[in-house]
Novice: 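Take a look at the following structure, please.
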Protein chains: 2
Amino acid sequence: MSKGNLRDVIVNRLKSKGLRVTPQRFAVYANLCSRRDHPTVEQILKDLNQDFPISSQATVYTSLQALRKVGLVKEVLLEEGVSRYDANVEPHHHFHCRQCGSIKDVPWDTFDSFNLERLPYLAESYEVTIRGLCDRCTGNN
Amino acid sequence: MSKGNLRDVIVNRLKSKGLRVTPQRFAVYANLCSRRDHPTVEQILKDLNQDFPISSQATVYTSLQALRKVGLVKEVLLEEGVSRYDANVEPHHHFHCRQCGSIKDVPWDTFDSFNLERLPYLAESYEVTIRGLCDRCTGNN
DNA sequence: CTACTATCTCAGAATAATTCTAATCTCAGA
DNA sequence: TCTGAGATTAGAATTATTCTGAGATAGTAG
């Protein structure tokens, strides 16, 4: 359970998906794994380059695209104009607070299973987006 | 049941929401009501100005924002980078085909048994996004 | 019907998110 | 090590959206 372990887990995940492990790609994915807040590219970049420059903007974009393509990260579209990213690729839903804008993961089993067979389409995945006020903002309004 | 009727319905909807009825705003909303395909701003604009110029781009944006603010249209976010718009403001879900990109409305009652009380948040609305292959693309793949 | 004014529209500029370019560099297999 | 496919980069380009400020107009009150 040394510090090196988390590093190795991330390296192995990248390798097992056939991705070359570069410092930039590692940093982007490690950063995303350490967060729960569904950051935008801008937020990831700011975080990475806080102390000294680690990655360019273009690389964060291409890294995220590579990670997305192999299924290590998911894109989250909840607001106009910005993509957010999520290293939690297990099935789950999202709650979006209309006041503070925060995004919370909602457990998959919050909803009972759906009747996707009734659709005239081949459904491969689905997710629920819930909007409202988060625990902090309830009462402030 | 004359042609004027549909026109009047739209005019009355705009008025009842306190919106001034301008030719541009009318055209944007009428166009959106006549479609089922959740168009982007670009598509609406192209449609409106097909024969002769009706509206500028900026006006389509501001019209849609005005219509959205009063609840006559909904914004649909399913793909990165573009907002789509929907004049169907009754509760419903969306299906998004990963092959042809088409978007279909899915009846509200396709899903049941939601336990929103179990969330530690104040849920005000929700919707399901389903992804997969539409009827046309099933088999083509 | 006319005048008024708050609101709307417009072209073009500005901003913001993302992608492209093409030169340079580097990971990882042999 | 050597090597080459693939990655990184700064900056330019592209695309979606918003802003600006001046001129037009819907709808109301007289």
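Just so we're on the same page: letters track the sequence lines, and every chain starts at 1. Source: prediction; values computed, not measured.
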Novice: Please give the nucleotide sitting opposite C/dT18 as a Watson-Crick or G-U wobble pair, both distances under 3.5 Å, or none.
Specialist: D/dA13
Novice: C/dT26 P sits how many Å from A/Phe26 CZ, rounded?
Specialist: 18 Å
Novice: Could you tell me if A/Arg131 sits above the aromatic ring of B/Tyr121, with its cationic atom closer than 6.0 Å to the ring centre and no more than 45 degrees from the axis?
Specialist: no
Novice: Hunt down the Watson-Crick or G-U wobble partner of C/dA30, both distances under 3.5 Å, from any strand shown, or write none.
Specialist: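 The answer is D/dT1, by the H-bond criterion.
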Novice: I want to verify a distance call: between D/dT9, D/dT17, C/dC10, whose nearest atom is closest to the B/Thr59 side chain?
Specialist: C/dC10
Novice: Given D/dT8, D/dG11, C/dT18, identify the nucleotide with an atom nearest to the side chain of A/Ala58.
Specialist: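 Looking only at heavy atoms from C-beta outward on A/Ala58, the closest nucleotide is D/dG11.
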Novice: I want to verify a distance call: between D/dT17, C/dA28, C/dT19, whose nearest atom is closest to the A/Gln57 side chain?
Specialist: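 Looking only at heavy atoms from C-beta outward on A/Gln57, the closest nucleotide is C/dT19.
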Novice: If you assign A/Ser56 and B/Glu75 each to the DNA chain D nucleotide with the nearest heavy atom, which residue ends up on the more 5' nucleotide?
Specialist: A/Ser56
Novice: Within the structure shown, what part of the strands sits under 4.0 Å from A/Pro23 by heavy-atom distance: base, sugar-phosphate, or nothing?
Specialist: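 If one applies the 4.0 Å heavy-atom cut-off, A/Pro23 turns out to touch the sugar-phosphate alone, with no base involved.
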Novice: Taking only the side-chain nitrogens and oxygens of B/Ser55, find out if one of them lies under 4.0 Å from OP1 or OP2 of C/dC10.
Specialist: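 Checking B/Ser55 against C/dC10: at least one side-chain N or O falls below 4.0 Å of OP1 or OP2.
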Novice: Between A/Thr22 and C/dT26, does any side-chain N or O lie under 4.0 Å from OP1 or OP2?
Specialist: no
Novice: Looking at C/dT18, I'd like to know if its phosphate oxygens (OP1 or OP2) sit under 4.0 Å from a side-chain N or O belonging to A/Ser83.
Specialist: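 Yes, A/Ser83 has a side-chain N/O under 4.0 Å of OP1/OP2 on C/dT18.
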Novice: Just the rounded figure in Å: distance from P of D/dA24 to CD of B/Gln24.
Specialist: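 Spelled out: CD on B/Gln24 to P on D/dA24 is 14 Å.
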Novice: In whole Å, I'd like the distance from the NZ atom of B/Lys69 to the P atom of C/dT7.
Specialist: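 My rounded result for the distance is 12 Å.
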Novice: State whether B/Tyr85 and B/Arg35 meet the cation-pi test: NZ (Lys) or CZ (Arg) under 6.0 Å from the six-membered ring centroid, and within 45° of the perpendicular axis.
Specialist: no
Novice: What's the closest nucleotide to the side chain of A/Arg20 if the choices are D/dA7, D/dT17, C/dG12?
Specialist: D/dA7
Novice: Specify the separation, in whole Å, of atom OH of B/Tyr61 and atom P of C/dG12.
Specialist: 17 Å
Novice: Please state whether the rings of A/Phe111 and B/Tyr126 are parallel, tilted or perpendicular, taking 30° and 60° as the class boundaries.
Specialist: tilted
Novice: Report the distance from atom CZ of A/Arg84 to atom P of C/dA17, rounded to the nearest whole Å.
Specialist: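 Those two atoms, CZ and P, are 11 Å apart.
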Novice: How many whole angstroms separate atom CD1 of B/Ile54 from atom P of D/dA24?
Specialist: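 One finds 20 Å between P of D/dA24 and CD1 of B/Ile54, rounded.
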Novice: Can B/Lys74 and B/Glu90 be said to form a salt bridge (charged side-chain N to carboxylate O under 4.0 Å, His left out), step by step?
Specialist: CA-CA 10 Å; B/Lys74 274 207 283 195; B/Glu90 296 303 308; over 6 Å; no
Novice: Under a 4.5 Å cut-off applied to non-hydrogen side-chain atoms, are A/Thr22 and A/Thr59 in contact?
Specialist: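 Result no, sub-4.5 Å side-chain heavy-atom pair not found.
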Novice: Measure CG/B/Leu45 against P/C/dC10 and give the value in whole Å, please.
Specialist: 10 Å
Novice: Is any side-chain N or O of A/Arg25 under 3.5 Å from a base N or O of D/dA7, one able to act as donor and the other as acceptor?
Specialist: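 When only heavy-atom distances are counted, A/Arg25 does not reach the base of D/dA7 through any donor-acceptor pair under 3.5 Å.
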Novice: What is the separation between atom CG on A/Leu48 and atom P on D/dT9, rounded to the nearest whole Å?
Specialist: 10 Å
